[in-house]
Amino acid sequence: MPELPEAETIARGLRRAIAGKTIRDAGVYLPKVVIAPKRPRFGAQLAGDRIAGVGRRGKYVTIELSSGRSLVVSLRMTGRLIVQAAGDGLYPYTNVALEFVDGTRLAFADVRQFGRMRLVRPGERWDAELGIEPLGGEFSVAALRAMMRRRTTPIKAFLLDQKRIAGVGNIYACEALWEAQIKPTTPAGRLSAGRAERLHAALLSVLARAIEMRGTSARDYVDAEGIAGGFQNVLTVYGRAGEPCPRCGKELVRTVLAQRGTWWCRSCQRT
DNA sequence: AGGCGTACCTGAGGGC
DNA sequence: TGCCCTCAGGTACGCC
């Protein structure tokens, strides 16, 4: 799915496009997508509420309502949040749609049907299991080292664990490890202080640059306006098996780690 | 508790 | 053309 930079880009676009709009109704076309409220009447629950703002936490997009409730959206692999003009037909694979009183619509579309949406009550701690925000002030080298201490899991799997750091997915984990010259299989707890520092810097850098370029459209991702990102044009390793490493020229490889494709350079990511 | 494998889905792309 | 296989920005759940 969309990882942190894509969720951030979507949230920014949505904020501009739908803040202030009043919901007339909501249509649920694939019931399993709505985790809560379980009992239908989803539309009735939302009707009359207004979009107060749009935020992001990890890879989740949060649509804040003036009632104090929020719609929390997990886009998973292929989920899209698309703003549609009045009169537009339902966007392909729309599973849930917010219909606004001005005739425009927010479509939550997802071919693979993995994406989920839930309505959370004011103050409900829906993100209790989510880890630290990598671009927030609390994510320091010391915090990263403390989290990695004694972890035997491969560093790549560690980066994908949302309970530790929230928002890093497969693309940015691969890119950050390449940039920090760290081998994806190295146990997290065995990274040296220097490597931890490089990894921390690489994560910040990669995520910030990806946001600047409005995310990575490796295949399906588009923002709230249906527009592709630009970071796929500057990826260094992800999806580039067989091509030369931009740093050392050796051939990049694809292996499987934690059941995920993993792209890296055997030559300059040694430990 | 932590770590690992599997299930959930559809569609695109490559090989034959 | 078409069939069959593999692969895909993720996460929840169950097992050890």
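The shown structure was predicted, so the numbers you read here are calculated from the model rather than taken from an experiment. We name chains A, B, ... by the order of the sequence lines, and we start the count at 1 in each one.
Residue pairs meeting the side-chain hydrogen bond (donor to acceptor under 3.5 Å, both in side chains) criterion with at least one partner in residues 243-254 of chain A, sequence neighbours excluded, are A/R240-A/E243. Evaluation of the ring pair (Phe, Tyr, Trp, His ring centres under 6.0 Å) test over residues 96-122 of chain A, restricted to residues two or more places apart or in two chains, returns none.
Atom CZ in A/R260 sits about 14 Å away from atom C1' in B/dC4, given to the nearest Å. Between the P atom of C/dT11 and the CD1 atom of A/I165 lies a distance of 14 Å, rounded to the nearest Å. When the P atom of C/dA12 is taken as reference, atom CG of A/D161 falls 11 Å away, rounded to whole Å. Distance, A/D220 CG to C/dG10 C1': 13 Å, rounded to whole Å. Note: CG (A/L160) to P (B/dG2) measures 17 Å, nearest angstrom. The CZ atom of A/R149 sits 15 Å away from the P atom of B/dG2 (whole-angstrom rounding). For the pair A/I155 CD1 and B/dG3 C1', the interatomic distance rounds to 15 Å; values are reported in whole Å. At whole-Å resolution of the value, CD in A/Q259 and P in B/dA7 are 12 Å apart.
Take A/R15 and apply the side chain to side chain donor-acceptor pair (under 3.5 Å) test, not counting sequence neighbours, and it matches no residue. Applying the side-chain contact (heavy atoms from CB on, under 4.5 Å) criterion to A/A173, with sequence neighbours excluded, gives A/K156, A/L159, A/L160, A/V168. By the side-chain contact (heavy atoms from CB on, under 4.5 Å) test, A/T94 is found to be paired with A/Y29, A/L90, A/Y91, A/A97, A/A107, A/A109, residues two or more places apart in sequence or in another chain being considered. In terms of the side-chain contact (heavy atoms from CB on, under 4.5 Å) criterion, residue partners of A/I227 (sequence neighbours excluded) are, by chain and number, A/D223, A/E225. With sequence neighbours excluded, the residues that form a side-chain contact (heavy atoms from CB on, under 4.5 Å) with A/A210 are A/P5, A/Y172, A/F231. Taking A/R151 as the reference, nothing meets the salt bridge (Lys or Arg N to Asp or Glu O under 4.0 Å) condition, with sequence neighbours excluded.
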ask   = Just the dot-bracket of DNA chain B, please: which string comes out with Watson-Crick or G-U pairs under 3.5 Å, [ ] for crossing, | for another strand?
value = .|||||||.|||||||

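Of the side-chain N and O atoms in A/T78, none sit less than 4.0 angstrom from OP1 or OP2 of B/dC9. Checking the phosphate oxygens (OP1, OP2) of B/dC8, no side-chain nitrogen or oxygen of A/K32 falls inside 4.0 Å.
No engagement by A/D110 is indicated, since no non-hydrogen atom pair under 4.0 Å with the nucleic acid exists. Across all strands, A/R254 comes closer than 4.0 Å only to sugar-phosphate atoms, never to a base (heavy-atom distances).
When the nucleotides C/dA8, C/dT11, B/dG3 are ranked by their closest atom to the side chain of A/M77, C/dA8 comes out on top. Among the nucleotides C/dT11, B/dG3, B/dT6, the one closest to the side chain of A/T153 is B/dG3.
A donor-acceptor contact under 3.5 angstrom links the side chains of A/T236 and A/E175, judged on distance only.
The existence of a salt bridge linking A/D88 and A/R105 is excluded, since no basic side-chain nitrogen approaches an acidic carboxylate oxygen closer than 4.0 Å. Taking the charged nitrogens against the carboxylate oxygens, A/E133 and A/R56 do have a contact shorter than 4.0 Å, which makes a salt bridge.
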task = Starting at the 5' end of nucleotides 10-16 of chain B, put B wherever the base has a protein heavy atom under 4.0 Å, S where only the sugar-phosphate does, and a dash everywhere else.
result = BS-----

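Nucleotides B/dC9 and C/dC3 place their P atoms 24 Å apart, quoted to the nearest Å.
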Enumerate donor-acceptor pairs with a distance under 3.5 Å from any side-chain N or O in residues 134-146 of chain A to protein atoms, sequence neighbours excluded.
| unit_1 | atom_1 | unit_2 | atom_2 | d |
| --- | --- | --- | --- | --- |
| A/S140 | OG | A/A143 | N | 3.0 |

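Of the residues in residues 166-188 of chain A, those placing a heavy atom less than 4.0 Å from an atom of DNA chain C are A/G169, A/N170, A/I171, in numerical order.
The aromatic ring of A/F114 is not stacked on the base of B/dC9, since the criterion of ring centres less than 5.5 Å apart with planes inclined by under 30° is not met.
Position along DNA chain B of the nearest nucleotide to A/R164 versus A/R116 favours A/R164 as the more 5'-ward residue.
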